[in-house]
Amino acid sequence: MNTRETLKINESGHLEIGGADTVTLAEEYGTPLYVFDETHIRKMMRVFQDTIQDAYNGNGLVLYASKAFSCKAIYAIAKQEGIGIDVVSGGELYTAMLADFPAEKICMHGNNKLKREIEYALECKIGTIVVDAYSEANMIDEEAKKRGMIQDVLIRINPGVEAHTHAYVQTATPDSKFGFSIADGTAEKMTAYVLGKKNLRLKGFHCHIGSQIFEKQSFVLAVQKNLKFMSHLKQTLGFVTETLNMGGGFGIWYTDEDAKLDVNGYRGYLNALIETVKEGCSEYNLKLPFITIEPGRSIVGEAGITLYTVGAIKEIPGIRKYVAVDGGMFDNPRYALYQSKYTAVLANRANEVPDELVSIAGKCCESGDLIGANMNLPHAETGDILAVLSTGAYNYSMASNYNRNFIPPAILVNHGKADYIVKPQTYGDLVRNDTLPEHLK
Ligand code: LLP
């Protein structure tokens with residue numbers, strides 16, 4: 001089991017997160033329930049920003065990748081910690097603005113930004129937009145011109161680095177809907193194009209090579225390719241790169257097949273990137289760029305768990321045992337999408353030895369609705385509280401109302417004290433936008 005200070009087993013043999021007893025939380029708030037430890041989130045935001053401070057004279061900014069978990073509270077925490085954020089939709093931007101997040105510290109991504117999203121971003125006076133298409137460059141330029149503004153932009157580059165992770169989350173292989181390739185010259189062409197736009201100020205480049213990556217070398221290689229490209233552009237176009245955004249992607253612990261990094265481990269990844277930037281700049285005689293990174297999963301992933309109540313248990317002799325919970329693919333679609341692996345614990349009997357192999361099923365009407373197959377658990381009984389660990393990233397943010405189930409509420413625990421950060425849905429919420437055309441009334 002994860003032995004970080006965020007999770008503990010207390011004297012009653014219950015799992016604790018951030019100093020709060022999960023069995024009590026389940027009683028008070030009901031299940032399914034997303035629970036986040038604020039201390040862990042802040043610690044991760046700080047370690048990245050402190051590393052930039054210590055190893056790079058503070059000449060950079062951490063941008064929390066809000067696609068991992070977006071709600072007002074996470075933006076309020078990021079704001080207090082003095083970091084920036086990345087957003088990928090009008091909805092994430094709107095949520096951040098509601099939380100009074102400083103617009104100049106927001107970077108907007110997306111491979112197909114909509115006109116209304118670009119208009120809204122400009123109205124908000126967003127700091128940076130990452131351009132990922134000619135049509136986008138045109139649209140941002142036109143909209144900025146209408147408003148008498150000059151918009152800071154980066155160009156998304158595909159450095160052609162294959163990161164070893166699940167294929168669905170690889171984004172910088174030659175066949176990618178993201179970015180412009182350095183290798184085939186399209187990145188340079190795009191640079192020349194953007195430099196020709198009067199209402200765009202090109203600050204530099206962005207790349208993101210994938211997610212849940214532990215291989216330091218993949219990150220380092222991508223940065224090296226970027227620096228070589230920056231040097232090339234200085235010679236061919238006379239363009240001096242001021243900002244280099246190195247994306248996100250640091251891996252986290254889900255099961256004991258994954259490395260369990262502590263803060264120094266993450267510091268090590270960022271230090272390696274910073275060293276690569278310094279070495280490259282000295283080799284190519286480039287000005288040290290302002291650097292940004294976009295960690296999402298590594299900031300919130302291990303800070304969150306999901307609590308469920310065990311319901312139906314079904315043993316199919318010689319085949320498999322299903323332990324069904326009151327959640328499923330509507331609160332965590334990652335098994336259905338990626339066959340992701342998780343560690344589960346019986347929160348009310350956390351000391352018991354996990355001596356059974358079970359599949360944890362959800363309550364949706366489809367066979368693929370599992371939280372995980374072949375997971376180790378102690379003998380589970382109906383009514384037990386089941387905690388699935390490391391669900392802070394890409395669970396709530398990817399949840400849906402499939403089968404008209406409720407997206408579970410989320411609570412934030414701070415030194416033992418809990419509060420809602422996302423309130424429970426009601427049946428009323430589910431039908432809020434339903435309407436009947438006249439002939440069906
Ligand atoms: N920046 C960009 C441009 C990205 O596309 C992503 C993730 C990040 C930053 C943050 O990466 P992180 O530090 O969280 O690894 N739904 C998938 C993950 C998709 C990630 C997409 N982009 C999952 O559940 O594993």
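Each residue takes its place number in the sequence, starting with 1. We count ligands from 1, going down the list as the structure has it; atoms in each ligand are counted the same way. Source: prediction; values computed, not measured.
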For ligand 1, which atoms sit closer than 4.0 Å to a heavy atom of [X]?
{"X": "Y338", "value": "16 (N), 17 (C), 23 (C), 24 (O), 25 (O)"}
{"X": "A65", "value": "8 (C), 9 (C), 10 (C)"}
{"X": "G296", "value": "12 (P), 13 (O), 14 (O)"}
{"X": "E294", "value": "1 (N), 2 (C), 3 (C), 8 (C), 9 (C), 10 (C), 13 (O)"}

**Asked** Strictly under 4.0 Å, does any heavy atom of F178 approach an atom of ligand 1?
**Response**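 No, that is not the case, since the closest heavy atom of the residue is not under 4.0 Å from the ligand.
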
**Message:** Between E119 and K115 (salt bridge meaning N to carboxylate O under 4.0 Å), is one present in this structure?
**Reply:**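 The answer is yes: the pair qualifies as a salt bridge.
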
**Message:** Counting only heavy atoms closer than 4.0 Å, does ligand 1 sit against the backbone of D86, its side chain, both, or neither?
**Reply:**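 Under 4.0 Å from ligand 1, D86 contributes side-chain atoms alone.
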
**Prompt:** Among M398, K67, R297, M246, whose heavy atom sits nearest atom 4 (C) of ligand 1?
**Reply:**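 Residue with the shortest heavy-atom distance to the ligand atom: K67.
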
**Message:** Tell me the nearest of S397, G249, S298, G179 to atom 12 (P) of ligand 1, using heavy-atom distances.
**Reply:**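 Nearest option to atom 12 (P) of ligand 1, by heavy atoms: G249.
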
**Request:** Evaluate the ring-ring contact (aromatic ring centres under 6.0 Å, His included) criterion for residues Y335 and Y342: first the C-alpha distance (whole Å), next the side-chain angles of each, then the deciding distance (0.1 Å), finally the verdict.
**Result:** CA-CA 9 Å; Y335 178 82; Y342 283 96; 9.0 Å; no

**Item:** Short side-chain to backbone donor-acceptor contact, T391 and T306, under 3.5 Å
**Value:**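 Judged by distance alone, yes, a pair lies under 3.5 Å.
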
**Message:** Which label fits H232 and F229: parallel for a plane angle under 30°, tilted from 30 to 60°, or perpendicular past 60°?
**Reply:**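 H232 vs F229 ring planes: parallel.
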
**Asked** Do the rings of Y269 and F250 sit parallel, tilted or perpendicular, given the 30° and 60° boundaries?
**Response**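 Plane angle between 30° and 60°, so tilted.
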
**Prompt:** Are more than 12 heavy atoms from other residues, nucleotides or ligands located less than 6.0 Å from atom CG of N264?
**Reply:**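 Buried by this count: over 12 neighbours within 6.0 Å.
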
**Message:** Atom NZ of residue position K234 - does it have more than 12 heavy atoms of other residues, nucleotides or ligands inside 6.0 Å?
**Reply:**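 More than 12 within 6.0 Å, yes.
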
Please check whether [X] reaches ligand 1 - meaning an N/O of the residue sits under 3.5 Å from an N/O of the ligand, judged on distance alone.
{"X": "P295", "answer": "no"}
{"X": "R156", "answer": "no"}
{"X": "H206", "answer": "no"}

**Message:** Tell me every residue that passes ring-ring contact (aromatic ring centres under 6.0 Å, His included) with Y394, counting only those two or more places apart in sequence or in another chain.
**Reply:**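 Result, ring-ring contact (aromatic ring centres under 6.0 Å, His included) vs Y394: none returned.
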
